[in-house]
Amino acid sequence: MARLEIRDVNKSYGPQHVLRDAGLTFAEGELVTLLGPSGCGKTTLLRIIAGLETADSGAVMLDGADISAMAPNRRNMGMVFQAYSLFPNMTAAENVAFGLKVRRTEGRRRAARVDDLMELVGLGAFRHKYPHQLSGGQQQRVALARALAISPSLLLLDEPLSALDARVRVQLRDEIRRIQQETGVTTIFVTHDQEEALSVSDRVAVMNHGRIDQFDTPQAIYQRPATAFVAGFIGISSRLEGHVAEGGVVLGSEVLPAPPDHGMTTGTQVTIYLRPEDVRLSPMVEGGRRGTVRAQTFMGAQTRVSVALPGGAEIHADLATPEAGALLPGTEVAVDWNMDRARILPRDRTAA
Amino acid sequence: MAEAVTQSAPAPATRKARSGADLASGLWILVVAAFFLLPLLGTLIFSLWAGGSHYNLSNYTKLVQSPKMWAALWLSVKLAIYTVALTMVLLVPAVLFIRLRAPWLRPVLEVISVMPFVIPPIALVQGLTGLYSVPGAALALPVWFVSRPEFMVLGYVILALPYTYRALDVGMSALDVQTLTQAALSLGANWGQIFARVIVPNLRTAILGATLLTFAIVLGEFVFANILLFNTFAVYINYIGQVNGTGAAALSLFSFFVTWVGMLGLLAGGSRGQVRAGGVG
């Protein structure tokens, strides 16, 4: 187990600046997710940690030692790739044994370790199958066992689930978390799926255009997104534009109470972010905030209702599907939310 | 035939149409087979002819008992083995590194690889001589090497390039070499181990294909050896052809037989334990 620190890493491909002063410190035994849209630099950062790419500047520190110049085959980091990466000429067990073989681990110990790991990933019976005889999910399990076999200082997972279908993805995601907790290996997981990131991580680093926008626990990321980008990416879909005034935030003609510690000066242009589950819709009453239902999106147990506010802003509410049944497009409703659960951030003109 | 068994009672019209198609394709196969087999049959009959109306195996017994024939054949086989070895040592890493590090060089290598189709062997051998074996030439090699038949291996590697490069390139495109080498690197393997345990075993079929074609080319190559005055198998066939017509026919069939046995042997060895890349999804 190891402590990893990334210091101000920069990387460009030609004119494209892929990583800008990326810095992160990982605790021993934690699972950290690098989350962001494609092209945000998350995979590049992982590959720099693995030694498969070199940073233009900055350092990768492992247990206090700078390993930036160390060859990838000397770093002792297990890696699982997005593409199926099992060696097609070897059986599942031979794949798992590969890292031990190149380390010249003695035969009996090697066999025992391979058996343990095949059991750990639940594929004890598939030892002698070749990769082409295994499903995608099974192949990624073997790849995970192979990466763990070398008792790596770090486990690096580069979107290992994105080639799998939805059901297998969720199952394997939970299994990765279980195995990570059982083995206690410090793990870095790269994904573009915010649900995946929030559900398995100890901490999440949200990346945007090569920068790390926020590095915190999933709960904190969801409840207190640090930037407009994080708020948007994490699925907080409703935005209302206003400005800070004495005693609150001015939104159209009303003044909403704001938490006293927001620290923004009067007059600052702000965006209020609302999570769809925090928005309440009720039958229109006198004095209520009026909205008009614009559309419904059925999501199974829940239905997302889009409501237009008089100012033109659109707000989304997730309702239990039976409740949403009556709210057909065109219906007038009263819209309400708890300001304590809203997130107020200075307006970011660059955010989409 | 198989269709008639598996399909239950096709309508008479379809059956008629099918038997018509069967007849046509059967005829076509017959024509093609005749095109390839008749010359062989003619050669066989001619090789057995012993003058007048006598036919016997004397040409073959003479052939098998001729030490000159065996020496020439052995020389060609040896050259083929060297050619394969040099090709693999040069080409497998080159094709791999172009895929991993310099994909923009691929079109260049592709053009180079088809050069032997454009440049006739006679020009190639002259160029080779001018470059390597004329004293004082730019890349003059030591005389002891240039005067040996092994010198021709340099040219043979180039002659075989259109086939060897293509076989290896196709073999490698069936593999995700990028991910496989990175996976092996992350597991601690060095480049030697990556070649020996990951790349070469997965290119087995491609390497066998390239080997087969190289053997066929080197065994049949005449121009190089004839100009440089080495007595290879092809040169020997030509010599026999000039002094003994029926003997040459027997020798041609013999070489045909040798090549085929070699190919079938390699194919049998290659298809056993063949590996497939990718997964079932």
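Protein chains get the first letters and strands the later ones, always in sequence-line order, with residue 1 at the start of each. Scope of the values below: all heavy atoms of this structure, side chains included, with no hydrogens, waters or symmetry mates. Bear in mind that the values here come from a model prediction, so they are computed numbers and not experimental data.
Counted within 6.0 Å of CZ on B:Phe35, heavy atoms from surrounding residues, nucleotides or ligands total 12 or fewer; the atom is thus considered open. Shown here is B:Lys78, whose NZ atom has more than 12 heavy atoms of other residues, nucleotides or ligands within 6.0 Å.
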Could you go through A:Lys101 and A:Glu94, starting from their C-alpha distance and side-chain angles, then the distance that decides it, and tell me whether this counts as salt bridge (Lys or Arg N to Asp or Glu O under 4.0 Å)? CA-CA 9 Å; A:Lys101 233 176 203 167; A:Glu94 285 166 353; 5.8 Å; no
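The distance between the ring centers of B:Trp70 and B:Phe233 does not fall below 6.0 angstrom.
Taking 4.0 Å as the cut-off between side-chain N and carboxylate O, B:Asp169 and B:Arg99 count as a salt-bridged pair.
For A:Phe87, the parts sitting under 4.5 Å from any heavy atom of chain B are the backbone and the side chain alike. Residue contact with chain B, scored on non-hydrogen atoms closer than 4.5 Å, is absent for A:Leu164. Only the side chain of A:Arg47 comes within contact range of chain B, with heavy atoms under 4.5 Å apart. Residue contact with chain B, scored on non-hydrogen atoms closer than 4.5 Å, is absent for A:Ala50.
For the options A:Arg103, A:Met79, A:Arg74, A:Arg75, heavy-atom pairs under 4.5 Å to chain B are most numerous at A:Arg103.
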